[in-house]
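Structure first, then comments.
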Amino acid sequence: MTKDMKDIVALCKRRGFIFPASDIYGGLNGFWDYGPLGTELKNNLRDRWWKDMVLCPPLGPDGAPVEIVGVDSSIIQNPKCWEASGHVGGFNDPMVDCKESKKRYRADHVVVYWPKDGQGSGVAFDKDAEDAEIEKRLKKLTNKALADFDTAKLDQIDTAKFANIIGPDVKTPGTLTEPRQFNMMFHTFVGATSGDENKAYLRPETCAGIFLNFKNVLDSSRTRVPFGIAQIGKAFRNEVTPRNFIFRSREFEQMELEWFCEESEVPMWFDFWVDQRTRFWDAVGIPKSALHFLDVPKDELAHYSARTIDVEYAFPFAAPGYDELEGIAHRGNFDLTQHQQFSGQKLDYFDQATNSRFLPHVIEPSTGLTRGVLALLCQAYTPDESRPSGVYMNFTPAMAPKKAAILPLTAKEDHVPLAQKLYLELREDFAVDLDIKQNIGKRYARQDEIGTPYCFTVDNDTLADHTVTVRDRNTMAQERIHMDKVADYLKEKMK
RNA sequence: GCGGGAGUAGCUCAGUGGUAGAGCAUCAGCUUCCCAAGCUGAGGGCCGCGGGUUCGAUCCCCGUCUCCCGCUCCA
């Protein structure tokens with residue numbers, strides 16, 4: 001059984017899950033619109049996250065209920081916020097292109113070896129190049145030994161000297177272009193005039209809005225450490241290469257929790273949240289067997305993080321590997337420290353019990369809602385040549401955009417009125433379809449393709465004893481239940 | 001941004017220098033007591049967009065946009 005992204009993308013478009021944004025204008029790279037079914041699916045996943053995190057959060061490791069509150073912060077904040085977070089300074093990496101090798105390099109990742117005697121060209125290497133390899137290439141290109149060179153990072157070198165540098169993958173000097181800034185943040189202007197003084201950014205992640213409101217929440221909500229603040233919302237990144245359907249898009253939606261605790265309790269809470277998040281994915285239909293937990297190696301950690309576990313999912317485009325679905329990071333107290341410094345406002349927490357002040361440490365389970373939707377779609381997509389539709393979407397009942405279809409077995413006779421009655425009853429509580437036209441097989445197939453877990457069919461027996469058949473999407477098996485029990489049946493299945 | 005591939009019906013694709021087809025989907029009718037997406041029919045495309053060559057371009061050329069694959073990037 002193979003899952004091909006092309007087929008999944010086609011089904012999403014055909015059945016109204018996801019469309020290219022601005023489709024009638026030819027689309028826009030990295031942007032997507034959610035159609036009728038996709039919106040329901042996304043909302044179901046979003047609401048389930050909010051319920052599990054904020055409305056009905058779990059019991060903590062000690063058995064006591066954990067406390068989490070929500071915020072909904074502005075997408076545009078004071079630009080100083082992004083200086084404090086490091087996004088303005090740290091993520092505008094200057095890049096250089098090589099006209100010869102057609103490769104692109106981060107300027108600070110390229111090391112240039114300059115001859116100490118000033119004779120001949122400088123030779124550039126990737127920062128991770130092995131000594132033996134460097135020595136060999138220097139010898140070949142300049143006939144000098146490693147000890148005859150000084151080194152400097154490319155971003156520290158005057159561009160006037162670039163003409164005399166041999167790029168990392170070529171043999172002649174002068175092929176490297178001037179460094180150019182790559183800004184991952186979308187910028188905009190606040191107010192009617194556009195100039196540097198009112199430049200602002202669309203948030204590249206939602207968590208900053210949580211840290212900015214840390215003090216406001218403390219002052220207004222009687223929360224006490226340990227506690228969490230959650231937020232769901234859009235974020236924007238000017239990705240160099242949007243790729244893999246909605247996996248890496250320029251506008252996306254995040255679900256983030258910042259869990260504030262004492263430093264000494266970090267390991268306990270870290271493990272707790274990894275466990276909780278795994279349970280969540282399992283509950284919405286992503287089993288642990290489809291996940292991979294990557295303990296991010298120290299040298300690849302973000303500058304603020306002491307430990308991060310990437311929860312990766314077996315996306316078809318990553319096969320046979322995995323790609324990131326969620327990151328659970330120990331951010332230390334980096335964010336509060338930075339915002340305290342840049343804003344000049346005290347953000348420390350006063351603990352009445354111990355009469356001490358401190359900046360809490362943070363555990364951040366951060367996931368992409370839209371990546372979650374993609375994982376749900378990929379996981380649900382099930383080719384099955386034995387059935388007419390050739391495929392069905394195996395959503396859990398709780399996540400499925402449509403919970404059930406009500407089908408009169410025939411369009412004539414007297415099946416229709418009973419089906420309508422059942423439909424009107426169910427639609428008060430569930431997203432259900434009533435489908436009367438065409439033969440029953442065609443209608444089952446249609447529901448399979450959009451992942452409706454149950455079909456209730458009215459037939460001749462219904463007229464006599466008010467029972468209907470329940471047809472299970474995955475097994476195609478049927479059982480009879482009383483019409484009055486259908487609502488309870490659905491409710492039970494959606495737990 | 002670079003290299004390669006591709007844009008024809010809602011989807012997947014054929015096709016020809018003389019203004020277009022198939023399968024599926026959609027809709028209507030028929031059939032059907034349960035997978036018979038079976039039967040009949042209908043709607044739907046200025047062949048991505050803009051130029052150029054030509055008597056004439058969906059086809060050839062140029063530009064542009066978008067998508068896919070590989071680099072680069074992914075805090």
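Note on naming: letters A, B, ... go to the chains in the order of the sequence lines (proteins, then strands), and numbering restarts at 1 for each one.
Scanning atom types as modelled, no donor and acceptor separated by under 3.5 angstrom connect the side chain of T241(A) and the base of C73(B). Between the side chain of E239(A) and the base of C73(B) there is no donor-acceptor pair of N/O atoms closer than 3.5 Å.
P204(A) comes within 4.0 angstrom of a nucleotide base, judged by non-hydrogen atoms across all strands. Within 4.0 Å (heavy atoms only), N439(A) reaches at least one base atom of the nucleic acid. No engagement by G327(A) is indicated, since no non-hydrogen atom pair under 4.0 Å with the nucleic acid exists. At a threshold of 4.0 angstrom between heavy atoms, the contacts of E205(A) with the nucleic acid are absent. Within 4.0 Å (heavy atoms only), L11(A) reaches no atom of the nucleic acid at all. Here A445(A) lies in heavy-atom contact (under 4.0 Å) with a base.
For the pair K80(A) and F342(A), the NZ or CZ position fails the cation-pi test of under 6.0 Å to the six-membered ring centre and within 45 degrees of the ring normal. Stacking of R371(A) on the aromatic ring of F247(A) is recorded, both the 6.0 Å distance cut-off and the 45° axial limit being met. Seen from the ring of Y454(A), R471(A) does not count as a face-on cation partner, given the 6.0 Å and 45° thresholds. Taking the ring centre of Y392(A) as origin, the terminal cationic atom of R387(A) falls inside the region bounded by 6.0 Å and 45° from the ring axis.
Spacing between atom CZ of R243(A) and atom C1' of G1(B) amounts to 12 Å, rounded to whole angstrom units. Between F17(A) atom CZ and C11(B) atom C1' there is a gap of 14 Å when expressed in whole angstrom units.
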Both atom distances under 3.5 Å, Watson-Crick or G-U wobble: I'd like the secondary structure of RNA chain B as a dot-bracket string, with | for pairs made across strands. (((((((..((((....[..)))).(((((.......))))).....(((((..]....))))))))))))....
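For the P atoms, the distance from G4(B) to U19(B) is 34 Å, rounded to whole Å. Nucleotides C27(B) and C61(B) are separated by 41 Å at their P atoms, to the nearest Å. Taking atom C1' in both C24(B) and G38(B), the straight-line distance is 15 Å, to the nearest Å. Of the P atoms belonging to A6(B) and U16(B), the separation is 15 Å, rounded to the nearest Å. Here, G15(B) and A28(B) have their C1' atoms 30 Å apart, quoted to the whole Å. Here the separation of G21(B) from G45(B), taken at their C1' atoms, is 11 Å to the nearest Å. Separation of the P atoms belonging to G10(B) and G44(B) is 12 Å when rounded to the nearest angstrom. When the P atom is used for both C49(B) and A20(B), the distance is 15 Å, rounded to whole Å.
For K13(A) and C11(B), the shortest distance from a side-chain N or O to OP1 or OP2 is below 4.0 Å. Listed pair K437(A) / G29(B) meets the phosphate criterion, a side-chain N or O lying under 4.0 Å from OP1 or OP2. The side chain of R446(A) places an N or O atom within less than 4.0 Å of a non-bridging phosphate oxygen (OP1 or OP2) of U26(B). The side chain of N244(A) places no N or O atom within less than 4.0 Å of a non-bridging phosphate oxygen (OP1 or OP2) of C68(B).
In the set A75(B), C71(B), C34(B), A75(B) carries the atom at the smallest distance from any side-chain atom of R237(A). Which of C69(B), C35(B), U12(B) sits closest to the side chain of P388(A) comes down to C35(B). Candidate nucleotides C34(B), U66(B), C11(B) were compared by shortest atom distance to the side chain of N29(A), and U66(B) ranks first. Nearest nucleotide to the side chain of D459(A), out of U66(B), C34(B), U26(B): C34(B). For A10(A), whose side chain is taken as the heavy atoms from C-beta onward, the closest listed nucleotide among C35(B), U12(B), G70(B) is U12(B). Of all nucleotides listed (C34(B), G70(B), C35(B)), C34(B) comes nearest to the side chain of T469(A). Set against G10(B), U32(B), U26(B), the side chain of R14(A) has G10(B) as its closest nucleotide.
Under the side chain to side chain donor-acceptor pair (under 3.5 Å) rule, H330(A) has a single partner from R307(A), E364(A), H361(A), which is H361(A).
Along RNA chain B, the nucleotide nearest to G390(A) and the one nearest to D461(A) differ in position, and the one closer to the 5' end is contacted by D461(A). For the pair T457(A) and W32(A), both in contact range of RNA chain B, the more 5′-proximal nearest nucleotide belongs to T457(A).
Between R237(A) and R250(A) the shortest side-chain heavy-atom distance does not fall below 4.5 Å. Residues L374(A) and I18(A) form no side-chain contact, since every pair of their non-hydrogen atoms from C-beta on lies 4.5 Å or further apart.
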Derivation of the side chain to side chain contact (heavy atoms under 4.5 Å, CB included) call for I229(A) and F260(A): CA-CA 8 Å; I229(A) 304 178; F260(A) 299 95; 3.9 Å; yes
For the pair D335(A) and R331(A), evaluate salt bridge (charged side-chain N to carboxylate O under 4.0 Å, His left out) and give the outcome as yes or no after the intermediate values. CA-CA 8 Å; D335(A) 302 275; R331(A) 296 178 73 104; 2.7 Å; yes
